[in-house]
Amino acid sequence: MKTLRLDISLTDLKKSLQSLSNEDKKELYFFLENELTSNKVEEPSMIHYASEKSLAKDWLSKEEDEQWKNL
């Protein structure tokens with residue numbers, strides 16, 4: 001894998017982005033949207049595993065079983 005490092009100020013990056021054509025801006029937008037939302041899909045499952053043991057303290061009780069027995 002080739003690593004690319006860009007040393008650019010945020011101001012310069014914004015100026016460069018503003019100079020893009022509308023078509024290039026749309027392409028970049030959809031790329032970033034996909035990248036950002038694809039990472040969010042994995043987070044809930046990771047939270048589930050991290051919190052399962054803690055939640056089990058409340059869920060695995062006789063009182064909890066009693067509340068759910070008729071459902």
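Residue numbers run from 1 in the order of the sequence given. All heavy atoms count here, side chains included; hydrogens, waters and symmetry mates do not. Here the structure is a predicted model, which is why all the values come from computation and not from measurement.
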Please tabulate, for the side chains in residues 23-33, all donor-acceptor contacts under 3.5 angstrom to protein atoms that are two or more places apart in sequence or on a different chain.
unit_1	atom_1	unit_2	atom_2	d
Asp24	OD2	Ser21	OG	3.3
Lys25	NZ	Gln18	O	3.4

Tell me which donor-acceptor pairs under 3.5 Å the side chains of residues 6-15 have, and how far apart each pair is, sequence neighbours excluded?
unit_1	atom_1	unit_2	atom_2	d
Asp7	OD1	Arg5	NE	3.3
Asp7	OD1	Arg5	NH2	3.2
Ser9	OG	Asp12	N	3.0
Ser9	OG	Asp12	OD2	3.2

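- Scored by the salt bridge (Lys or Arg N to Asp or Glu O under 4.0 Å) test, Lys62 finds no partners at all (sequence neighbours excluded).
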